[in-house]
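Values below: all heavy atoms of this structure, side chains included; hydrogens, waters and symmetry mates excluded. In listed order, ligands and their atoms are each counted from 1. For clarity, every value in this text was computed on a predicted model and none was experimentally measured.
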Amino acid sequence: MQKSILIIGACGQIGTELTMVLRAKYGNDSVVASDIREGSENLVRSGPFELLDATNYAAIEDVVMHYEIEEVYLMAAMLSATAEKFPMRAWNLNMNSLFNVLNLAKEKKIGKIFWPSSIAVFGPNTPKEQTPQHTLMEPSTVYGISKQSGERWCEYYHKKFGVDVRSVRYPGLISWKTLPGGGTTDYAVEIYHKALENGAYDCFLAEGTKLPMMYMDDAIRATISLMDADTNKLTIRSSYNLGAISFAPEEIAQSIQNHIPAFKVSYKPDFRQDIADSWPSSIDDSKAQKDWGWQPEFNLEKTTREMLENLKK
Ligand code: SER
């Protein structure tokens, strides 16, 4: 199947892997990667690459017209921890980039959009365990407020203008190919790197901080299944809850100690603890299961095995 796809924010943690999987699926030339900066050699050389600022509507429109783009994956965003430091820059990037692609779709210049939301849309008053799709949502972080507003705008553009926008609320994502940047769940990636480099890790979240997490392969599969799903089956146009595994720092540490018995963890919670404390511990994703057949494949043990094996190389 031929189709022309643009990834905005292709050099980030999700974008790099998503781009390569989509290139394998649709052909290298069909998937245009773009970012504000150049990423890995492999990504930039394996297919078309454009330097692109996600907040610049005219620049995105040029790329869309030039390559006759049909689908856009908007992966550019400022994550939770960085957004607390630069609230206005986060709001500007996270919202304006979304409006740019929503308006391109409204103008019928593109046909379909993927936009990631996050567990950060939930807040301290949300039920923590098996957080339902529809529940009290009072996000208390800059990032969460931007994602919650974004979800409202996605649903609005779908209802009002028929825009085919699809979204999931990603949990913390664990991957070895590209480092995450500026998130609160980043500890769950750092811990593997430090276990192999130093045999010790000083964790910025406290023991007992249980958060929803997912291995990147599952996240990419979820993203592409949702984009492939029959539009008539989709009942959620804000963003789907998406779950896989949930654990606290001491549990991921234990799973690493099963492979590296001498690995030591200490805990020094910083400002990110407050962010983590406002988020759910586990997610009810029954809507995603029912509407488009979502099922995760990686538990914590399998994730740890994959991470350690690949990082060792
Ligand atoms: N992983 C993100 C963060 O920690 C949440 O979506 O900011």
Show me the short polar-atom pairs for ligand 1: any N or O of it lying under 3.5 Å from a protein N or O, with distances only.
residue  : atom  : partner : partner atom : Å
ligand 1 : 1 (N) : T185    : OG1          : 2.8
ligand 1 : 4 (O) : S80     : OG           : 3.4
ligand 1 : 4 (O) : T184    : N            : 2.6
ligand 1 : 4 (O) : T185    : N            : 3.1
ligand 1 : 4 (O) : T185    : OG1          : 3.3
ligand 1 : 6 (O) : S118    : OG           : 2.7
ligand 1 : 6 (O) : Y143    : OH           : 3.3
ligand 1 : 7 (O) : S80     : N            : 3.1
ligand 1 : 7 (O) : S80     : OG           : 2.6

> Does K287 make a cation-pi contact with Y240, if we ask for NZ or CZ under 6.0 Å from the ring centre and within 45° of the axis?
Replying inline: no
> Cationic tip of R166 within the cone over F114's six-membered ring, i.e. under 6.0 Å and within 45° of the normal?
Replying inline: no
> Hey, do the aromatic rings of F99 and W153 have their centres closer than 6.0 Å?
Replying inline: yes
Atom pairs and distances, donor-acceptor, side-chain atoms in residues 66-77, under 3.5 Å, two or more places apart:
residue : atom : partner : partner atom : Å
Y67     : OH   : E50     : OE2          : 2.6
E70     : OE2  : S4      : N            : 3.1
E71     : OE2  : K3      : NZ           : 2.9

> Is the backbone N or O of V142 less than 3.5 Å from a side-chain atom of E84, with the two atoms forming a donor-acceptor pair by type?
Replying inline: yes
>> I'd like to know if K268 and D270 make a salt bridge, using a cut-off of under 4.0 Å between side-chain N and carboxylate O.
In response: no
